[in-house]
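Written below as structure tokens is the structure these notes are about.
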Amino acid sequence: MQKIKSLMTRQGLKSPPESLGDLGAIESLRVPGKEEFRELREQPSDPQAEQELINSIEQVYFSTDSFDIVKYELEKLPSVLNLQELEEYRDKLKQQQAAVSKKVADLILEKQPAYVKELERVTSLQTGLQLAAVICTNGRRHLNIAKEGFTQASLGLLANQRKRQLLIGLLKSLRTIKTLQRTDVRLSEMLEEEDYPGAIQLCLECQKAASTFKHYSCISELNSKLQDTLEQIEEQLDVALSKICKNFDINHYTKVQQAYRLLGKTQTAMDQLHMHFTQAIHNTVFQVVLGYVELCAGNTDTKFQKLQYKDLCTHVTPDSYIPCLADLCKALWEVMLSYYRTMEWHEKHDNEDTTSASEGSNMMGTEETNFDRGYIKKKLEHGLTRIWQDVQLKVKTYLLGTDLSIFKYDDFIFVLDIISRLMQVGEEFCGSKSEVLQESIRKQSVNYFKNYHRTRLDELRMFLENETWELCPVKSNFSILQLHEFKFMEQSRSPSVSPSKQPASTSSKTVTLFEQYCSGGNPFEIQANHKDEETEDVLASNGYESDEQEKSAYQEYDSDSDVPEELKRDYVDEQTGDAPVKSISRETLKSRKKSDYSLNKVNAPILTNTTLNVIRLVGKYMQMMNILKPIAFDVIHFMSQLFDYYLYAIYTFFGRNDSLESTGLGLSSSRLRTTLNRIQESLIDLEVSADPTATLTAAEERKEKVPSPHLSHLVVLTSGDTLYGLAERVVATESLVFLAEQFEFLQPHLDAVMPAVKKPFLQQFYSQTVSTASELRKPIYWIVAGKAIDYEQMLLLMANVKWDVKEIMSQHNIYVDALLKEFEQFNRKLNDVSKRVRIPLPVSNILWEHCIRLANRTIVEGYANVKKCSNEGRALMQLDFQQFLMKLEKLTDIRPIPDKEFVETYIKAYYLTENDMERWIKEHRVRAGKQ
């Protein structure tokens with residue numbers, strides 16, 4: 001731009017004058033007309049080309065010094081002139097001049113509106129100056145007139161008016177001072193009304209007013225008095241702040257916070273509030289415990305008030321321990337709830353302040369407010385953990401003041417439930433896992449539970465040794481969830497009662513304790529009916545649920561009589577465990593009655609009183625585990641010992657027989673033998689009396705073990721009429737199977753609470769112990785099968801048969817009839833036993849399978865004892881066995897007949913050649929050498 005102006009100067013063009021003093025120059029300035037501008041702008045142009053032309057102008061043309069263009073150009077001419085070159089150079093100069101002129105025209109056209117506007121402003125200014133000159137002239141003329149017209153009286157009047165105004169101001173000041181003198185009365189009234197913000201606002205205004213009139217001597221004393229009043233207000237404000245800790249009131253706290261904000265001490269208020277909360281926790285727990293100690297002591301001896309809290313806790317009596325603990329937790333809950341509501345208040349008001357601050361414009365005030373808000377938020381968040389730690393330490397000290405082992409189980413569970421509730425409060429309060437309380441209560445719980453479990457194991461041994469293995473009559477729909485001990489599994493956790501006594505929740509949304517009790521109530525209220533008041537309805541009268549079922553239970557179905565609806569309804573497949581079939585045909589019942597001896601009984605679970613006691617114990621153990629999950633592994637370990645001991649007792653009473661394994665039939669699986677050996681080594685104390693010379697370690701190990709139980713002398717297992725105690729064996733074995741089923745039912749719940757690192761133990765317990773319960777059926781019922789049939793008599797009858805006959809016989813031998821008669825008698829005895837105890841289908845199948853297997857092996861043994869046998873005799877053997885199978889199939893529906901091929905293969909081996917016989921012997925090495 002500067003270059004263009006300089007070039008304009010060289011070319012004779014003028015720019016607008018910088019000084020407006022010479023108006024004549026402005027008037028004489030020639031402005032290019034619109035036509036000239038239009039002609040210049042309408043010329044076709046290339047902006048880039050024009051700019052290149054301007055850039056090609058020599059720098060000397062833009063010099064500000066006096067510069068003669070003509071002289072410069074003439075001096076540049078060469079000594080020898082060339083017309084064509086001169087014309088070309090002249091054309092170039094013209095093009096440059098045209099480009100500059102075009103650029104100047106564009107700039108002038110662009111700035112013309114501003115130029116016109118500025119010119120109009122200058123003209124307007126000139127008019128205004130002329131008008132001002134006229135006004136000044138008139139003013140001076142009027143001032144001269146006024147100067148000549150005023151007198152001394154007029155000036156005196158003005159002086160009096162000024163004095164009057166001064167006196168009015170003085171009167172106003174005196175009235176203000178009088179009001180200030182009476183302010184202390186109003187301040188006292190406002191403090192009594194707890195209007196702290198108003199009192200502080202009034203006091204600050206009075207101080208401000210006093211500073212205005214500080215030149216009066218009476219004000220200095222008033223100012224000092226106001227300062228003392230303000231300090232007194234701060235003291236009362238601190239007392240009001242301390243009341244928040246036990247009973248939070250929104251209106252009260254709002255006034256207190258507004259007062260501190262007026263004082264500019266919001267951070268100080270927050271520091272003081274945390275000190276008050278800490279002090280409130282200490283004072284609260286001390287007063288609660290002191291009240292119970294003095295109440296139980298029966299006097300108001302002041303010696304208790306001088307004790308430390310730790311020592312005071314040791315004076316709480318066992319009878320008042322639980323109510324005191326509940327009141328202690330209730331009082332601490334009130335403190336924590338007040339802190340929770342304090343945080344809620346600040347969160348709510350912080351949002352409101354943020355919204356109002358965004359609408360304001362005072363940046364400094366907003367920054368200061370944000371800083372205070374951030375400080376308060378951090379202080380409150382840090383205070384959560386600090387307050388919870390103080391609460392934990394106070395409760396831990398109380399717990400350590402009394403030995404919890406003196407309490408009964410229900411009371412101990414109630415204590416655990418209160419502590420568990422407190423830990424839940426802590427977790428919701430600050431997200432803490434309550435390490436202090438967990439460690440303290442875990443140690444006491446494990447010690448208590450070890451002693452409790454040891455006592456229960458001794459009781460279980462006593463129950464087992466006095467158990468007569470009679471059926472405990474329960475209803476067909478019996479479930480362990482109907483027992484009081486398992487109620488907690490059906491009910492969702494209600495914050496106001498113990499986990500085992502809570503009502504079912506109707507809301508699927510999780511509500512925290514603070515949300516539920518924010519408006520009132522307390523999660524630690526002891527319910528008046530905290531003991532189970534409901535009655536269990538699980539027992540059936542005489543083993544039947546109704547008189548009609550009892551009457552129909554003993555009906556026989558040998559004829560084509562109608563099948564009672566009760567049996568159709570209660571018929572269950574014992575092998576598959578399918579749901580009851582709604583309609584069972586008569587033919588099905590008739591076909592199944594040969595081996596299903598459970599048709600004459602309601603399909604209620606088979607269990608004993610001891611079984612029920614073990615299940616109740618398991619429920620109690622799970623209650624403790626559910627309340628205090630950190631000891632879950634210890635509890636599950638003790639639960640497994642209950643099952644181990646019950647299984648070992650059943651095996652010891654009814655299944656131990658050294659001759660079983662010698663049969664080679666694999667009646668006891670390797671897994672079952674391993675389980676029994678493990679139980680015997682880890683749980684059973686095989687020593688009859690303690691050795692006084694035994695080491696301390698050995699004594700401790702023995703303390704963890706239980707003596708092996710002994711079968712009651714009232715249980716008779718030697719009578720053939722009762723099939724050698726089959727009813728007792730069925731009740732005992734099937735009660736164990738039922739117990740195993742309940743453990744299987746509880747596995748998901750146990751797996752949910754078991755720590756991840758300990759889950760392999762739980763899986764091993766289920767896979768190696770619980771699953772082996774049903775395997776005890778084979779060795780236990782084998783003993784009955786081995787004595788129910790007189791196999792020795794059959795061997796004697798077979799020995800008297802002449803097998804070297806010369807003719808093919810058409811009549812079977814009498815030993816077959818004798819054996820079949822034994823089986824018929826066995827069937828009748830099974831029916832008799834089933835009238836006392838329902839014999840499940842798997843049990844009857846095992847019994848028949850054992851008896852048939854033993855009979856078939858006895859037949860083979862009898863055939864192996866034959867010294868001489870002809871081909872006709874071998875045909876007679878086959879005839880006898882086929883007759884036996886044909887009659888046997890009418891007695892039982894077991895298919896295929898066990899060991900049928902074992903006998904047939906042996907008989908057919910007589911017809912083999914010598915080479916085939918040698919191969920047959922190699923393939924059947926499991927047979928006895930005699931065979």
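Keep in mind that what you see is a predicted model, and the values were worked out from it rather than measured. The analysis underlying the following values was restricted to heavy atoms, covering all of them including side chains, and did not include hydrogens, waters or symmetry mates. Residues take their numbers from the sequence shown, with the count starting at 1.
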Step by step, work out the salt bridge (Lys or Arg N to Asp or Glu O under 4.0 Å) result for K243 and D249.
-> CA-CA 9 Å; K243 296 178 181 179; D249 181 78; over 6 Å; no

Could you please spell out the steps behind the side chain to side chain contact (heavy atoms under 4.5 Å, CB included) verdict for L400 and S440?
-> CA-CA 8 Å; L400 295 177; S440 174; 4.0 Å; yes

Evaluation steps, side-chain hydrogen bond (donor to acceptor under 3.5 Å, both in side chains), between D319 and T317 | CA-CA 5 Å; D319 293 337; T317 61; 5.5 Å; no

Mind running side chain to side chain contact (heavy atoms under 4.5 Å, CB included) on L481 and F745 for me, showing each step along the way?
-> CA-CA 11 Å; L481 297 180; F745 171 72; 4.0 Å; yes

Would R442 and E439 satisfy salt bridge (Lys or Arg N to Asp or Glu O under 4.0 Å), going step by step from the backbone distance to the final call?
-> CA-CA 5 Å; R442 184 185 183 280; E439 186 62 25; 5.6 Å; no

Please assess L384 against M343 for the test side chain to side chain contact (heavy atoms under 4.5 Å, CB included), listing each intermediate value before the final yes or no.
-> CA-CA 10 Å; L384 284 172; M343 290 195 67; 3.6 Å; yes

Side chain to side chain contact (heavy atoms under 4.5 Å, CB included) between L746 and F486, worked out = CA-CA 10 Å; L746 296 173; F486 291 91; 4.0 Å; yes

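Between E467 and S712 the shortest heavy-atom distance is O-CB, 3.8 Å. Across all their heavy atoms, F761 and S640 have their closest contact at CZ-OG, 3.8 Å. Pairing each heavy atom of A632 with each of V753, the nearest pair is CB-O, 3.5 Å. Smallest separation of non-hydrogen atoms from T652 and P709: CG2-O, 4.3 Å. Summarising the geometry of W333 relative to P523, their closest heavy-atom pair is CE2-CD, 3.5 Å, with the distance given to 0.1 Å. Scanning both residues, D403 and S405, for their nearest heavy atoms gives OD2-OG, 2.7 Å.
Checking side-chain atoms of S420 against main-chain N and O of I627 turns up a donor-acceptor pair under 3.5 Å. Side chain of N466 to backbone of M462: a donor-acceptor contact under 3.5 angstrom is found. Side-chain atoms of T455 come within 3.5 Å of backbone atoms of N451 as a donor-acceptor pair (strictly under, hydrogens ignored). Side chain of E485 to backbone of R616: no donor-acceptor contact under 3.5 angstrom is found. Under the 3.5 Å distance criterion, the side-chain polar atoms of Y448 are left unmatched by any main-chain donor or acceptor of I406. Proximity of a side-chain donor or acceptor of Q742 to a complementary backbone N or O of I615 within less than 3.5 Å is not detected. Judged by distance alone, the side chain of D311 and the main-chain N or O of L307 form no donor-acceptor pair under 3.5 Å. A donor-acceptor contact shorter than 3.5 Å is absent between the side chain of K705 and the backbone of L686. In this structure, T284 contributes its side chain and I281 its backbone to no donor-acceptor pair below 3.5 Å. Not one N or O on the side chain of S479 forms a donor-acceptor pair closer than 3.5 Å with the backbone of Q482.
Within the model, atoms CD of Q444 and NZ of K396 stand 10.0 Å from one another, a figure rounded to the nearest 0.5 Å. Taking CG from L460 and OG1 from T610, the interatomic distance works out to 7.0 Å, rounded to the nearest 0.5 Å. Interatomic distance, L607 CG to I480 CD1, rounded to the nearest 0.5 Å: 11.5 Å. The line from CD of E470 to CG of L714 is 10.0 Å long, rounded to the nearest 0.5 Å. In this structure, the separation between CG on L404 and OG1 on T402 is 7.0 Å, given to the nearest 0.5 Å. One finds the CZ atom of F633 at 6.0 Å from the CE atom of M754 (value rounded to the nearest 0.5 Å).
The distance between the ring centers of H282 and Y309 does not fall below 6.0 angstrom. For an aromatic pair to be called close, the ring centres must be under 6.0 Å apart, and W469 with F654 satisfies this. Aromatic ring centres of Y339 and H274: separated by under 6.0 Å. Taking the ring centroids of F638 and Y621, they lie at or beyond the 6.0 Å cut-off. In this structure, Y253 has its ring center closer than 6.0 angstrom to the ring center of H346. Checked against a 6.0 Å centroid threshold, the rings of Y321 and Y398 count as neighbours. Taking the six-membered ring for Trp and the full ring otherwise, F429 and Y340 have centroids separated by 6.0 Å or more.
The residues R678 and D644 are annotated as salt-bridged, a charged nitrogen and a carboxylate oxygen being separated by less than 4.0 angstrom. Contact check on K246 versus E334 returns no salt bridge, with no Lys/Arg side-chain nitrogen under 4.0 Å from an Asp/Glu carboxylate oxygen. Electrostatic pairing of K620 and D410 does not count as a salt bridge here, judged by no charged N lying under 4.0 Å from a carboxylate O. Between K330 and D327 there is a salt bridge, with a side-chain nitrogen of the basic residue lying less than 4.0 Å from a carboxylate oxygen of the acidic one. Salt bridge K394/D390: absent, no basic N to carboxylate O contact under 4.0 Å.
Between F277 and L273 the shortest side-chain heavy-atom distance falls below 4.5 Å. Taking 4.5 Å as the limit, some side-chain heavy atom of T611 sits within range of a side-chain heavy atom of Y646. With contacts defined as side-chain heavy-atom distances shorter than 4.5 Å, the pair L617/L642 qualifies. No side-chain heavy atom of L312 sits under 4.5 Å from any side-chain heavy atom of Q308. Put simply, the side chain of M622 does not reach to within 4.5 Å of the side chain of V635, judged on heavy atoms. You'll find the side chain of M625 stays beyond 4.5 Å of the side chain of I631, heavy atoms only. Proximity of F478 to L612: side-chain heavy atoms (C-beta onward) are separated by under 4.5 Å at one or more points. Side chains of Y766 and S771 form no contact here, defined as non-hydrogen atoms less than 4.5 Å apart.
In this structure, K759 places its NZ atom where more than 12 heavy-atom neighbours from other residues, nucleotides or ligands lie under 6.0 Å away. Other residues, nucleotides and ligands place no more than 12 heavy atoms under 6.0 Å from the NZ atom of K450. Atom CE of M275 sits in a sparse spot, with 12 or fewer heavy atoms from other residues, nucleotides or ligands closer than 6.0 Å. Within a 6.0 Å radius of NE2 in H382, other residues, nucleotides and ligands contribute 12 heavy atoms or fewer.
When only modelled atom types and interatomic distance are considered, Q279 and N283 share a side-chain donor-acceptor pair under 3.5 Å. Side-chain atoms of D238 and H276 form a donor-acceptor pair, as typed in the model, at a separation below 3.5 Å.
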